[in-house]
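For clarity, every value in this text was computed on a predicted model and none was experimentally measured.
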Number of protein chains: 2
Amino acid sequence: MPRPRVNLLSVELIADAAIELADSGEQFGVNALARRLGVTPSSLYNHVDGKDAIIELMRGRLSRRYLPAAVTGDWETVITGTVRALRRLYAEHPLIVPLIVGKTITDPGVIAQYDHLATALVDAGVPDGEVLAIVAIVDAYAIGFGLDLASPAEVWQPDTPTTTLGRLITDAARGAERSDAAFEIGLEMLVASLRVRRDGLRAR
Amino acid sequence: MPRPRVNLLSVELIADAAIELADSGEQFGVNALARRLGVTPSSLYNHVDGKDAIIELMRGRLSRRYLPAAVTGDWETVITGTVRALRRLYAEHPLIVPLIVGKTITDPGVIAQYDHLATALVDAGVPDGEVLAIVAIVDAYAIGFGLDLASPAEVWQPDTPTTTLGRLITDAARGAERSDAAFEIGLEMLVASLRVRRDGLRAR
DNA sequence: ACCTGAACACCGTTCAAGT
DNA sequence: ACCTGAACACCGTTCAAGT
């Protein structure tokens, strides 16, 4: 008996269930997602354009959730605000990183957020040719720290004895607050470096 | 007629073909890999433990190729040497990034290289609790810049008008040398920041 | 318009059978 | 020891059929 009186699915329901599925650690896929929604895989295609579109939807949904209003203020505020938000996103949803990495960003909301950041950098006097690189750094910085916060023990798994790494991995097991501190220090360093770099250009 | 006089496959042949396959942009998988090697998919399982093991093999092979001998010298030399090598790796093989990201590192050679870097940082006076974070940053920095160098136009694809991003993307099309310059500047900034951070600790 | 169920091409992996 | 070919469970996607 298909087609109940009220719709079982919507784009939002699909996106949220997809995020839950990825976070659960279960193998991500259309079939598992349909199962979780109590629905046939083919039903999803009435609302959404397939697996890749669902992943792009997840990116958009999480971005809107973690970077809610456009961060306003000077470029330093925009950068630190964006990086902190991104890092929280990646730290709380580390398992979506492998899904979205390397996939072209098309979601208009996400594009707008990167555009906002790029504009702030240009306004701050960063030369055009370096803006995208800095945006890439900022993003990579957030990803790197997010993954570090989430799962240091799942990143490296040494079978052979190590001089330093093995000890640090076991020590890091309960080091979330320390990772927080390191992140803030690193972010401060990053901004300071950009400030120096920009002032150096100004002085020419 | 199975089993020719001389072996068709070896771990090295499989790893190299896998890297070529990923670089080609063709969908990566066991079947495509076997096709490329002129062999049945099931043949691969005589030499290798399945898809994930092949991917880990690719990581190991590329790491050995780009970081050949252990970088020696003071910690600054170790860091800059490692980051430059990693960035070249990611820039010349951007399509393997989505394959290896988020997958646990087990290859002994790769573990040894990260261990080497971690040891250099500890010897330099970086507190234990921050070493893994810095290693994560360094890695993320290399990935971010590698991806930026390889495919700025494939990272963002705005459908809606943007104030800054769209212009930068088209401008960046032929900006590989400029990206090189930005990378070196950023690396210099990174090392300088670490130096300040370490000296600050020393002074306490 | 929305959901099902059957069907399709393809995927990674196992394993008996050959040399 | 190494490769094939058949088989398996599963994947993403399409589409006619139902309401």
Side-chain angles (χ1 to χ4, degrees), chain A residues 1-60 95-96 98-104 106, chain B residues 1-60 95-96 98-104 106:
Chain A
M1 49 298 298
R3 183 98 159 103
R5 303 188 312 289
V6 68
N7 286 0
L8 296 177
L9 294 179
S10 72
V11 175
E12 289 75 23
L13 279 174
I14 292 173
D16 286 339
I19 293 168
E20 279 178 33
L21 174 61
D23 287 343
S24 77
E26 204 181 332
Q27 179 70 24
F28 183 83
V30 177
N31 294 307
L33 179 57
R35 212 176 303 128
R36 183 173 278 258
L37 285 161
V39 128
T40 298
S42 52
S43 308
L44 300 171
Y45 290 78
N46 287 296
H47 302 267
V48 138
D49 227 27
K51 192 185 181 186
D52 281 2
I54 292 174
I55 291 174
E56 188 58 16
L57 222 56
M58 296 163 72
R59 193 208 307 263
L95 295 179
I96 71 144
L99 297 177
I100 61 173
V101 158
K103 253 155 200 160
T104 306
T106 59
Chain B
M1 49 302 296
R3 183 97 158 104
R5 302 189 312 288
V6 67
N7 285 1
L8 296 175
L9 294 178
S10 73
V11 176
E12 290 75 22
L13 279 173
I14 292 173
D16 286 338
I19 294 168
E20 280 178 33
L21 174 60
D23 287 343
S24 76
E26 205 180 330
Q27 179 70 24
F28 184 83
V30 177
N31 295 307
L33 179 57
R35 214 176 302 127
R36 182 172 279 259
L37 284 162
V39 129
T40 298
S42 52
S43 309
L44 300 172
Y45 289 78
N46 287 296
H47 302 266
V48 138
D49 227 26
K51 191 185 183 187
D52 282 2
I54 293 174
I55 291 174
E56 188 59 15
L57 224 56
M58 296 163 72
R59 194 209 304 265
L95 296 180
I96 72 144
L99 297 178
I100 61 174
V101 158
K103 252 153 202 162
T104 306
T106 60

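In this entry the distance linking CG of Leu8(A) with C1' of dA1(C) reads 13 Å, nearest Å. Atoms CG (Leu44(A)) and P (dT13(D)) sit 10 Å apart, rounded to a whole Å. Following rounding to the nearest Å, Leu99(B) (CG) and dG12(C) (P) show an atom-to-atom distance of 11 Å. A straight line from CZ of Arg35(A) to P of dA9(D) spans 15 Å, rounded to a whole angstrom. Following rounding to the nearest Å, Leu33(A) (CG) and dC11(D) (P) show an atom-to-atom distance of 12 Å. A straight line from CG of Asp52(A) to P of dC11(D) spans 16 Å, rounded to a whole angstrom. As a whole-Å value, the separation of Asn46(A) CG from dA17(D) P is 16 Å. Rounded to an integer number of Å, the gap from Tyr45(A) OH to dA7(C) P is 19 Å.
Remark: Ser43(A) is not in phosphate contact with dC3(C), judged by side-chain N or O atoms under 4.0 Å from OP1 or OP2. For His47(A) and dC3(C), the shortest distance from a side-chain N or O to OP1 or OP2 is below 4.0 Å. One finds no side-chain N or O of Ser42(A) lying less than 4.0 angstrom from the OP1 or OP2 phosphate oxygen of dT4(C). The side chain of Asn31(A) contributes an N or O atom lying less than 4.0 Å from OP1 or OP2 of dG12(D). Dashed line: the shortest gap from a side-chain N or O of Asn7(A) to OP1 or OP2 of dC2(C) is under 4.0 Å.
In this structure, Leu21(A) and Gly29(A) approach most closely via the heavy-atom pair CD2-O, 3.8 Å. In terms of heavy atoms, Ala17(A) sits closest to Leu37(A) at CB-CD2, 3.6 Å. Of all non-hydrogen atoms in Met58(A) and Ala22(A), the two that sit nearest each other are CE-CB, 3.8 Å.
Within the structure, salt bridge (charged side-chain N to carboxylate O under 4.0 Å, His left out) contacts touching residues 25-39 of chain B (residues at least two apart or in different chains) are Glu20(B)-Arg36(B), Glu26(B)-Arg35(B), Glu26(B)-Arg36(B).
In Asn46(A), the CG atom is crowded: over 12 heavy atoms of neighbouring residues, nucleotides or ligands sit closer than 6.0 Å.
In the set dG12(D), dC3(D), dG12(C), dG12(D) carries the atom at the smallest distance from any side-chain atom of Lys51(A). Nearest nucleotide to the side chain of Thr40(B), out of dT14(C), dC2(C), dG5(D): dG5(D).
Rounding to the nearest 0.5 angstrom, the gap separating the CZ atom in Phe28(B) from the CG atom in Asp23(B) is 10.5 Å. Atom CD1 of residue Ile100(B) and atom CG of residue Asp52(B) lie 13.0 Å apart, to the nearest 0.5 angstrom.
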Pair assignment for DNA chain C - dot-bracket with | for other-strand partners, Watson-Crick or G-U under 3.5 Å: ||.|||||...|||||.||

